[in-house]
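Heads up, the thing below is written out as structure tokens.
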Amino acid sequence: MEIVKAFCKGSVENSKLRKELNLSESTICYRLKAIRLKMHANDLEELAYKFCSLRFIEEFPSDNLAQYYSTSFTETEQKILRLICQGIYKPRLIANCINCKISTVKTHLGNIRNKLHCSKTAEVIIKVFQSGIARKLSDNASPS
């Protein structure tokens, strides 16, 4: 259970988990795989999204933080973040939804990760839900 708590706090990289929990790399991999199997998640991004959906990840809303992040993202980045909040986080699927190239989506995802100081999309998912950005983005969603 300690690995789930650490993961839900945003430690999604094996190296961060290893430092926080003082476990070996192989133990981390084995436990994450077991958790993914139990949660029926194909990858870390899906696992993070499921944890957010099930409210395993607590929201620590900060209006200042959410406002800053939602205004510092471009319109396309906000569209991508909204899709991520809906569980669409694979670049190919995002590209289909917003009618652009996969390479363009990957560039935007890289920019989003940089702005949120994340190295993985799973971290982005957790941070967006924890900080209240997901709520802020859904409040500001324009009608399609």
Side-chain angles (χ1 to χ4, degrees), residues 1-23 25 28-29 31-144:
M1 195 61 175
E2 72 277 356
I3 199 166
V4 172
K5 288 179 184 175
F7 186 90
C8 289
K9 286 194 290 184
S11 298
V12 299
E13 289 185 40
N14 288 0
S15 60
K16 288 181 182 177
L17 288 168
R18 204 171 71 233
K19 283 180 187 175
E20 188 169 334
L21 302 173
N22 199 22
L23 297 171
E25 182 81 21
I28 298 283
C29 290
R31 289 188 183 176
L32 278 176
K33 185 175 182 178
I35 293 166
R36 283 190 8 247
L37 287 172
K38 286 180 185 176
M39 296 291 293
H40 304 287
N42 295 319
D43 49 34
L44 292 180
E45 289 83 6
E46 187 173 0
L47 185 63
Y49 180 75
K50 285 186 175 198
F51 283 160
C52 291
S53 300
L54 295 170
R55 303 200 190 270
F56 282 16
I57 295 175
E58 295 179 40
E59 187 176 341
F60 299 104
S62 165
D63 289 334
N64 293 343
L65 183 66
Q67 180 63 37
Y68 168 75
Y69 281 139
S70 64
T71 57
S72 68
F73 291 121
T74 66
E75 188 176 322
T76 305
E77 289 168 351
Q78 288 185 33
K79 285 180 188 177
I80 290 172
L81 281 169
R82 281 188 197 97
L83 291 171
I84 287 172
C85 292
Q86 296 168 11
I88 302 169
Y89 47 82
K90 298 282 187 195
R92 180 180 50 80
L93 297 175
I94 293 171
N96 288 339
C97 290
I98 63 172
N99 297 320
C100 69
K101 294 180 181 179
I102 295 172
S103 60
T104 304
V105 170
K106 288 180 178 180
T107 299
H108 286 299
L109 284 171
N111 293 340
I112 290 168
R113 283 193 303 271
N114 285 338
K115 288 178 182 181
L116 291 174
H117 308 288
C118 297
S119 59
K120 294 185 176 269
T121 304
E123 284 179 280
V124 169
I125 294 167
I126 292 169
K127 192 171 248 184
V128 163
F129 277 90
Q130 275 182 335
S131 66
I133 296 170
R135 186 173 28 87
K136 186 76 171 171
L137 287 170
S138 67
D139 291 347
N140 293 337
S142 57
S144 300

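In this text, all values refer to a predicted model and were calculated from it rather than measured experimentally.
For A122 against A48, the heavy-atom pair with the smallest separation is O-CB, 3.8 Å. Scanning both residues, R36 and N42, for their nearest heavy atoms gives NH2-O, 3.4 Å. The minimum heavy-atom distance between C52 and I126, with the atom names listed, is SG-CA, 4.3 Å.
Atom NZ in K38 sits 12.0 Å away from atom CG in L47 (nearest 0.5 Å). With values rounded to the nearest 0.5 angstrom, I94 atom CD1 is found 13.0 Å from R82 atom CZ. Rounding to the nearest 0.5 Å places CG of L81 at 6.5 Å from CG of L116.
Legend: residues meeting salt bridge (charged side-chain N to carboxylate O under 4.0 Å, His left out) with E45, ordered by chain and number and at least two apart, are absent. Qualifying side-chain hydrogen bond (donor to acceptor under 3.5 Å, both in side chains) partners for K90, counting only residues two or more places apart in sequence or in other chains: D43. Taking K106 as the reference, P91, I102 meet the side chain to side chain contact (heavy atoms under 4.5 Å, CB included) condition, with sequence neighbours excluded. By the salt bridge (charged side-chain N to carboxylate O under 4.0 Å, His left out) test, K16 pairs with E123, sequence neighbours left out. The side-chain hydrogen bond (donor to acceptor under 3.5 Å, both in side chains) test applied to R18 returns E25, not counting sequence neighbours. Partners of F7 under the ring pair (Phe, Tyr, Trp, His ring centres under 6.0 Å) rule, at least two apart in sequence or in another chain, are F51.
No donor-acceptor distance shorter than 3.5 angstrom exists from the side chain of K79 to the backbone of I98, with no hydrogens or angles considered. Between the side chain of K115 and the backbone N or O of S72, at least one donor-acceptor pair lies under 3.5 Å.
For NZ of K50, the number of neighbouring non-hydrogen atoms (other residues, nucleotides, ligands) closer than 6.0 Å is greater than 12. In N114, the CG atom is crowded: over 12 heavy atoms of neighbouring residues, nucleotides or ligands sit closer than 6.0 Å.
Inter-residue side-chain proximity for T121 and L44 is flagged as unmet; no heavy-atom pair is nearer than 4.5 Å. The shortest distance between side-chain heavy atoms of I84 and V128 does not fall below 4.5 Å.
Here side-chain hydrogen bond (donor to acceptor under 3.5 Å, both in side chains) pairs that include residues 93-105, with residues two or more places apart or in two chains, number zero.
Salt bridge status for E2 with R31: present, with a side-chain N to carboxylate O gap under 4.0 Å.
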Open item on the list: For a side-chain contact (heavy atoms from CB on, under 4.5 Å) check, start with the C-alpha distance between L17 and L23, then their side-chain angles and the critical distance, and finish with the verdict.
Closed with: CA-CA 8 Å; L17 288 168; L23 297 171; over 6 Å; no
